[in-house]
Protein chains: 2
Amino acid sequence: MTDISRSGCPINLSLEVLGDKWSLLIIRDMMFGNRRHFRELLTKSEEGISSNILADRLKTLLDAGIITREDDPSHKQKGIYSLTEQGIELMPVLAQMAAWGYKYLPVSEELGIRARLLSEGGPKLWAEFMDELRESHLGAKRRKRIGPSVGERLQAAYESVVNRK
Amino acid sequence: MTDISRSGCPINLSLEVLGDKWSLLIIRDMMFGNRRHFRELLTKSEEGISSNILADRLKTLLDAGIITREDDPSHKQKGIYSLTEQGIELMPVLAQMAAWGYKYLPVSEELGIRARLLSEGGPKLWAEFMDELRESHLGAKRRKRIGPSVGERLQAAYESVVNRK
DNA sequence: TACAACCAGTTGCAAAATGCAATCGGTTGT
DNA sequence: ACAACCGATTGCATTTTGCAACTGGTTGTA
């Protein structure tokens, strides 16, 4: 734990926590893939993270206050990882990064559809999705909504592309 | 050059290019600090990057099409690095990351002021700043503007905090 | 024209981070 | 009783990073 920072710049400080190839992917999976257990994060991600790296990053994210861990009452060994408000507010960062990647990198059609919808929806859609995350990760109450949630719409769009191919 | 990607996810692909502790800092310095030469990036950054890492990252960013390099006509050895349109469009990613860091991390007052102004200004201010970057990095023409540029305003705010302390 | 300062990198090497596969002690369902 | 599953941990090889010295060349000044 060497927490001497290189500078007090907000971008630098953010990168000292999140500046590696895995941390934001873990947050992405928790956010958009609804992965909440170690095993889910380990096996159900596209990229195939190693278990030691996953364990290490979860520890870092816990220390940084971006996620929390609580025991799963249904299974004595399972832990449930949740995003904190701080973690949920990384959504716009991921959305911007996804929009940029979608525009300039060789994104696959099925994995790009979410980025496209999120980008087209803009900050208003992001706020709606963040509210849903507050409900599922923080247990916050939400006013009744009409129709499918943003999360459901993104998932449905993804599956629709997969099934079409 | 191993360019086999772990997945076609836009966030993953972005992280494969930018997911380290230095790349986005270099872009930050080019964008907000107007650093355009190797030596400026090496010595005038807060964090103190090593010359070999800087050389390596500049190569990667060139390959990725995020920056370009051209010879400086005033000095046979100097190169001028510029952001491409693709690089300029990383502005919102940096702005969101800065806003998040400003809110949740121990940001110093003088280095946080830019993040605050940028966050308060929102997408409209970002677009204005990106237009200025197109002018200074791509040589694009801009319609006449009234008063100081966004870059100048950010710089003035920074200096005002430094002088006050 | 000598020379110091500056220029963009490169090199060698030690230390740290990453990636992989096997494994651990424990829990759960059959 | 036992196989499958659980969240990690361990050992080890490979890769990346960080540091300092250095290279070959250019520029400004005396």
So which of B:Glu159, B:Glu128, B:Glu120, B:Glu132 actually passes salt bridge (Lys or Arg N to Asp or Glu O under 4.0 Å) with B:Arg153?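 By the salt bridge (Lys or Arg N to Asp or Glu O under 4.0 Å) criterion, B:Arg153 pairs with just one of B:Glu159, B:Glu128, B:Glu120, B:Glu132: B:Glu128.
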Electrostatic pair A:Glu135:A:Lys141 at N-O distance under 4.0 angstrom: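 So A:Glu135 does not pair with A:Lys141 through a salt bridge.
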Could you work out which one of D:dG7, C:dT18, C:dT10 sits closest to the side chain of A:Asp20?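 The closest nucleotide is C:dT18.
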Which of these nucleotides, C:dA8, D:dA8, C:dT10, is closest to any side-chain atom of A:Tyr81?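 The closest nucleotide is D:dA8.
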So does A:Met97 get a backbone contact from the side chain of B:Ser14, meaning a donor-acceptor N/O pair under 3.5 Å?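 At least one qualifying donor-acceptor pair exists.
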Within this structure, what is the [atom1]-to-[atom2] distance between [X] and [N], rounded to whole angstrom?
{"X": "A:Arg35", "N": "D:dC6", "atom1": "CZ", "atom2": "P", "result": "14 Å"}
{"X": "A:Glu70", "N": "D:dG7", "atom1": "CD", "atom2": "P", "result": "14 Å"}
{"X": "B:Glu47", "N": "D:dT17", "atom1": "CD", "atom2": "P", "result": "16 Å"}
{"X": "B:Arg69", "N": "C:dA8", "atom1": "CZ", "atom2": "P", "result": "8 Å"}
{"X": "A:Leu42", "N": "D:dA4", "atom1": "CG", "atom2": "C1'", "result": "16 Å"}
{"X": "B:Asp56", "N": "C:dG12", "atom1": "CG", "atom2": "P", "result": "16 Å"}
{"X": "A:Leu62", "N": "D:dG7", "atom1": "CG", "atom2": "P", "result": "14 Å"}
{"X": "B:Arg39", "N": "C:dT10", "atom1": "CZ", "atom2": "C1'", "result": "12 Å"}

Quick check with a 6.0 Å cut-off and a 45 degree axis cone: is A:Arg114 positioned over the face of A:Tyr158's six-membered ring?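 Yes, a cation-pi geometry.
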Who passes salt bridge (charged side-chain N to carboxylate O under 4.0 Å, His left out) against A:Lys165, sequence neighbours left out?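 For A:Lys165, the residues satisfying salt bridge (charged side-chain N to carboxylate O under 4.0 Å, His left out) (neighbours in sequence not counted) are A:Glu109, A:Glu110.
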So how far is it from A:Leu133 CG to A:Ile88 CD1, rounded to the nearest 0.5 Å?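 A:Leu133 atom CG to A:Ile88 atom CD1 measures 5.5 Å (nearest 0.5 Å).
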Contact state string [nucleotides 19-29 of chain C, B base, S sugar-phosphate only, - no protein heavy atom under 4.0 Å]: BB-B--BBSS-
